[in-house]
Amino acid sequence: MSDQIQVIRGMHDILPVDMPVWNQLEDSYRALAESYGYQQIRTPIVEKTALFQRSIGEVTDIVEKEMYSFLDRNGDSLSLRPENTASVVRAGLEHGLLNDQQHRLWYCGPMFRHERPQKGRYRQFYQLGAETFGMAGADIEAELIFLAARFWNRLGLSNIELQINSLGTSECRNKFRGVLVAYFKDSYQSLDEDSQRRLESNPLRILDSKNPEMQTLINEAPRLIDNLDQRSSDHFSELRDILDYAGVSYELNPRLVRGLDYYSHTVFEWVTSTLGAQGTVCAGGRYDGLVEQLGGRPNTAAGFAMGCERIIAMLIDQNQANKVKSCDVYMLVRGEKTVRVAQKLAESLRNQMPRLSMLVHSGGGSFKSQMRKADRSGAKIALILGESEIEAATVSIKFLREDSEQIEIPQTDLNDRLAEMI
RNA sequence: GUGGGCGUAGCUCAGUUGGUUAGAGCGUCUGGUUGUGGCCCAGAAGGUCGUGGGUUCAAAUCCCAUCGUUCACCCCA
């Protein structure tokens, strides 16, 4: 064992037993996104490092210490994508999709961050997401929220709460940053070590601190939402009005701050208290400045990303996860010479019944152990094909889940009989 | 990057104050008279006790290191 090569730390194999719930999640999301008129987009897993430096922000933790970056054979610095928004914008610009056009897009795929793994946090993890372009109104933010809410509903999940906040324009965010720094500098001695550090790098994040000793100080801190300019404030009230009108409940969290630099105006998070420390299951907001920042003409944008592993953990906890499904039919083949006849028969059945799921088993062993396997496979019906059946051009049929007699029918009738049974 | 818990069979775990050839359940495979299953019974395969050092007459057990895992901080989906 010790000299075997193992998976990379923080990365995981998804085994056959795990696949049903993954398919459940992805199929359900695809159908939902398409029902809202969203179109799928796929971008490469590797991008130029500069793309993420320019979009996510040079001084964020993601870019500073979590990216899988490397030089390719040409000496270019490339990175495994830590998130998908930057790539979608890049692709949109590159193919001329963002010139005053409106788009609703969705995506699905793996992302990579070199963090210390823990529950709900992995080095390769999957996200489902949506990005919209060219729509400036709060109604598109509401639509993204409706879509996510419907997703939880379809998956049968509960205990997920919506939190919203507004960061305003980048101008009022910068102004607020000054106000906040001034406030915390007055109480510098009361700040914990992390917050003292963040005062320089990302003061807004101090508001996010979980340290209980900091809570009073944070609660009394100036609020971003009280420092919005008129336009930002109007935009945010519009969103709240829409949500109230639609009857979507939410919590206004003035301390909600996103870690990525490109957000502006609305930010939202769907959180759960049931997953431990990594309780954010979906997060997003508006990022109007990003298109221009990446070299395009100014264009508005909003989107979100959801963490698949976290949602799957909830599906399992709440007993909503799909289980492995077995084949309907187990064809049990006796004797070496019958294998080719059995396969030919199986192929002909598949021609006539495209939706038939059938496993053909021709292993050795006693009849009894083969029968046991057939039963444990979970199939409903066993088809038995041995030398006596071949000679008579028949097939024996047995229902596995109930007490019933075995019946022997001509091979030519098999198609019709199976159609009745399945 | 920091701190705590944990590494014994494919899985879940026993293993008593260090003491002979390392255990169970589940799973897998094979049988229980040649072609009949789910239950039951019997048997088998499968582990250099994560790895490397050290202490000792003797280490799965004690010590150190290392790797992995897990939870939290941090960060974020």
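The sequence lines fix the lettering, A, B, ..., with proteins before strands; numbering per chain opens at 1.
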Paired with [N] by Watson-Crick or G-U wobble geometry, both distances under 3.5 Å: which nucleotide is it?
N      : answer
G46(B) : none
A22(B) : none
A59(B) : none
A65(B) : U51(B)
G27(B) : none
G1(B)  : C73(B)
G35(B) : none

Which part of the nucleic acid, if any, lies within reach of [X] when heavy atoms closer than 4.0 Å are counted: base, sugar-phosphate only, or nothing?
X         : answer
Glu387(A) : base
Glu193(A) : nothing
Ile384(A) : base

Would you please say whether a donor-acceptor pair under 3.5 Å links the side chains of [X] and [Y]?
X         : Y         : result
Tyr38(A)  : Glu131(A) : no
Gln124(A) : Tyr68(A)  : no
Asp288(A) : Ser264(A) : no

What integer number of Å spans the [atom1] atoms of [N] and [M]?
N      : M      : atom1 : result
G25(B) : U8(B)  : C1'   : 15 Å
U21(B) : C64(B) : C1'   : 30 Å
U12(B) : G27(B) : P     : 15 Å
G54(B) : A14(B) : C1'   : 28 Å
A22(B) : G50(B) : P     : 15 Å
C11(B) : G18(B) : P     : 29 Å
C76(B) : A59(B) : P     : 50 Å
U51(B) : C57(B) : C1'   : 26 Å

Using a strict 4.0 Å threshold on nitrogen-to-oxygen distance, state whether [X] and [Y] make a salt bridge.
X         : Y         : answer
Arg205(A) : Asp208(A) : yes
Arg90(A)  : Glu47(A)  : yes
Glu309(A) : Arg121(A) : no

Write out a two-atom table: protein N or O, nucleotide N or O from nucleotides 42-44 of chain B, distance below 3.5 Å.
none

Starting at [atom1] of [X] and ending at [atom2] of [N], how long is that distance when rounded to a whole Å?
X         : N      : atom1 : atom2 : value
His12(A)  : G68(B) : NE2   : C1'   : 11 Å
Gln6(A)   : G10(B) : CD    : P     : 13 Å
Met371(A) : G31(B) : CE    : P     : 16 Å
Tyr330(A) : G38(B) : OH    : P     : 14 Å
Arg372(A) : G35(B) : CZ    : P     : 13 Å

**Asked** Are the side chain of Thr272(A) and the backbone of Gly279(A) linked by a donor-acceptor contact shorter than 3.5 Å?
**Response** no
Less than 6.0 Å separating the ring centroids of [X] and [Y]?
X         : Y         : result
Phe236(A) : His265(A) : no
Trp22(A)  : Tyr126(A) : yes
His103(A) : Phe133(A) : no

**Request:** Find which nucleotide of RNA chain B each of Leu385(A) and Ser369(A) is nearest to by heavy atoms, and output the residue with the more 5' nucleotide.
**Result:** Ser369(A)
**Asked** Below 3.5 Å, does any donor atom in the side chain of Ser388(A) face an acceptor in the base of G35(B), or the other way round?
**Response** yes
**Asked** Passes side chain to side chain contact (heavy atoms under 4.5 Å, CB included), Ser396(A) versus Glu408(A)? Steps please.
**Response** CA-CA 4 Å; Ser396(A) 297; Glu408(A) 192 167 342; 3.9 Å; yes
**Message:** Each nucleotide in nucleotides 72-77 of chain B should get exactly one letter: B, S or -. Can you fill that in based on protein heavy atoms under 4.0 Å?
**Reply:** BBBBBB
